[in-house]
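The figures here come from the full heavy-atom set of this structure, side chains too, leaving out hydrogens, waters and symmetry mates. Lettering of chains follows the sequences in order, A, B, ..., and the numbering in each one begins at 1.
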There are 2 protein chains.
Amino acid sequence: MHKPRKEMIAETRAKLIAAARHAFGTIGYAQASMDDFTASAGLTRGALYHHFGDKKGLLQAVIAEMDSEMAARVNEVASRAPTRWQHFVDECTTYIEMALEPEIQRIMFRDGPAVLGDPAQWPNANACVGSMTDHLTRLQEEGVVVPSVDPETAARLINGASSQAAQRIANSSDPEATSKTVVTAFKQLLEGLLNKPGPRPD
Amino acid sequence: MHKPRKEMIAETRAKLIAAARHAFGTIGYAQASMDDFTASAGLTRGALYHHFGDKKGLLQAVIAEMDSEMAARVNEVASRAPTRWQHFVDECTTYIEMALEPEIQRIMFRDGPAVLGDPAQWPNANACVGSMTDHLTRLQEEGVVVPSVDPETAARLINGASSQAAQRIANSSDPEATSKTVVTAFKQLLEGLLNKPGPRPD
DNA sequence: CTACTAACATACGCTTCGTATGCCAATTGA
DNA sequence: TCAATTGGCATACGAAGCGTATGTTAGTAG
């Protein structure tokens, strides 16, 4: 008795995604040979084209998987914070920490945008920004954040700053020290969103 | 009587860079066939490999050219501004405006990083950030900007936010309206750098 | 039990890149 | 002025890599 059909298929898809994710994350999308990484999964390009259409389709699947993982991690960490503003700040710093990982940096911030275009237009990959937008909206309603900014816009801008922050830390010769410097500057920028600069909630 | 040798060579290089810049900026680096765009310049890949080593080398040359152009434009616009802080803000908004152009967006912010890695590590392409860093340093000395942030770090973070800002505007269905929303949020973030939030110099 | 469908593999042609080689014009030195 | 040499650029060739078209096999439905 063999395994059920559905399971075999899901397993094949998962193996392809995992192999591609590893190849994309290490040598990069353009340098990753489909023949090579499908073979490393014990398959051929035939399976890839059947399930994902083409190389870009597989990249989309990889990105969707990584995005949901990232969103889960962000929500998990940020859920324990005293104030909502702190919650939001934790969300951002967690995002920066994740962006330090080479695989995420390469696939989500480098090759992904180059191959698929503006991340804001990706179908299943905006969970993190969505979460940040929600928190900013709440903070605005509570009067913590200035009412003049559009939450999603602010979330996107912060996202861009975060990715630069991560790159700066990742490429530093002294990541520990650089991390402190970068996070300090980053938090200072965030304070521009606060309504009253006097009593900060930290 | 022919033109001097040196001129012919410089012309060849310029034609290759121009053709590549157009191809990279429209269809993208990966899709740009070296045979095609060298032919459009009346040359072959032989000239390309002779002058630039490989496709990446040509991209580097294109980026160096664009970077110096961008720096010149930024300095030109920002040089007329009443206060130094305004000067800095103008620099940023000019940067965003430039980032709206598809060619700049594609080459400098998408394909460039994907092919050549972290822009902060590029040899001849940091003029804009350098200028912003200088102004932040001055502003800090004058007490306008909080002393706790590292100028170059702040400049990089703002750079990241700027690129996101431009993308958001560029991909909007109503660029005019989106532009206002985005610039508002962007300026708000910048105010996080100000020392005293009460008397703003605008 | 038969026929059909879906999951994959194999095979082929096309495009593209990089290198090796060749040619020609321009400079150099006498 | 005339070799000799250098350097700018084209041509030719081989090696990948991608996408498609075509099998082949194993489940599945009637």
Hey, is the main chain of Leu116(B) close enough, under 3.5 Å, to the side chain of Gln60(B) for a donor-acceptor pair? no
Picking from dC17(C), dG8(D), dG19(D), which would you name as closest to the side chain of Lys55(B)? dC17(C)
Could you give the NZ-to-P distance, from Lys56(B) to dT16(C), as a whole number of Å? 20 Å
Please determine, by modelled atom types, if Arg168(A) and Thr178(A) share a side-chain donor-acceptor pair under 3.5 angstrom. no
Can you tell me if Lys55(A) uses its side chain to pair, donor with acceptor, with the backbone of Ala32(A) under 3.5 Å? yes
With heavy atoms under 4.0 Å as the rule, sort Ala30(A) into base, sugar-phosphate or nothing. nothing
Under 4.0 angstrom, heavy atoms only, what part of the nucleic acid is Ala32(A) near: base, sugar-phosphate, or nothing? sugar-phosphate
N/O to N/O distances under 3.5 Å, protein versus nucleotides 4-7 of chain D:
none

Answer yes when Glu141(A) and Arg84(A) have at least one side-chain N-carboxylate O distance shorter than 4.0 Å, and no when they do not. no
Separation of dA9(C) P from Tyr49(A) OH (nearest whole Å): 14 Å
Using the side-chain heavy atoms of Ser33(B), tell me which of these nucleotides is nearest: dT16(C), dG18(C), dC18(D). dT16(C)
Phe37(B) CZ to dC17(C) C1': how many Å, rounded? 11 Å
Please tell me if the side chains of Lys187(B) and Glu191(B) come closer than 4.5 Å, counting only heavy atoms from C-beta onward. no
I'd like to know if the side chain of Thr153(B) and the backbone of Val149(B) have a donor-acceptor N/O pair within less than 3.5 Å. no
Are any of the side-chain heavy atoms of Leu190(B) and Phe88(B) separated by less than 4.5 Å? yes
Would you kindly give the CE-to-P distance between Met34(A) and dT20(D), to the nearest whole Å? 10 Å
Atom CG of Asp35(A) and atom P of dT10(C) are separated, to the nearest Å, by 11 Å
For nucleotides 10-13 of chain D, list the nitrogen or oxygen atoms of the protein found under 3.5 Å from its nitrogen or oxygen atoms, one pair per line.
from: dA10(D); atom 1: OP1; to: Thr44(B); atom 2: N; distance (Å): 3.4
from: dA10(D); atom 1: OP2; to: Thr44(B); atom 2: N; distance (Å): 2.9
from: dA10(D); atom 1: OP2; to: Thr44(B); atom 2: OG1; distance (Å): 2.5
from: dA10(D); atom 1: O5'; to: Thr44(B); atom 2: OG1; distance (Å): 3.2

Is the backbone N or O of Val146(B) less than 3.5 Å from a side-chain atom of Gln140(B), with the two atoms forming a donor-acceptor pair by type? yes
Looking at residues 14-27 of chain B, who's got a heavy atom less than 4.0 Å off DNA chain C? none
Asp150(A) side chain to Ala185(B) main-chain N or O, any donor-acceptor pair under 3.5 Å? no
Using atom CZ of Arg13(B) as one end and atom P of dG8(D) as the other, report the distance to the nearest whole Å. 10 Å
Checking side-chain contact (heavy atoms from CB on, under 4.5 Å) between Tyr95(A) and each of Val77(A), Asn159(A), Ile104(A), which is the one that passes? Asn159(A)
Taking the side chain as everything from C-beta on, heavy atoms only, tell me whether Leu136(A) gets closer than 4.5 Å to Leu193(A). yes
Here the distance between atom C1' of dC18(D) and atom CG of Leu58(A), to the nearest Å, is 14 Å
Can you check whether Arg110(A) reaches Asp118(B) side chain to side chain, under 4.5 Å on heavy atoms? yes
Rounded to the nearest angstrom, tell me the gap between atom CG in Asp54(A) and atom P in dC14(C). 21 Å
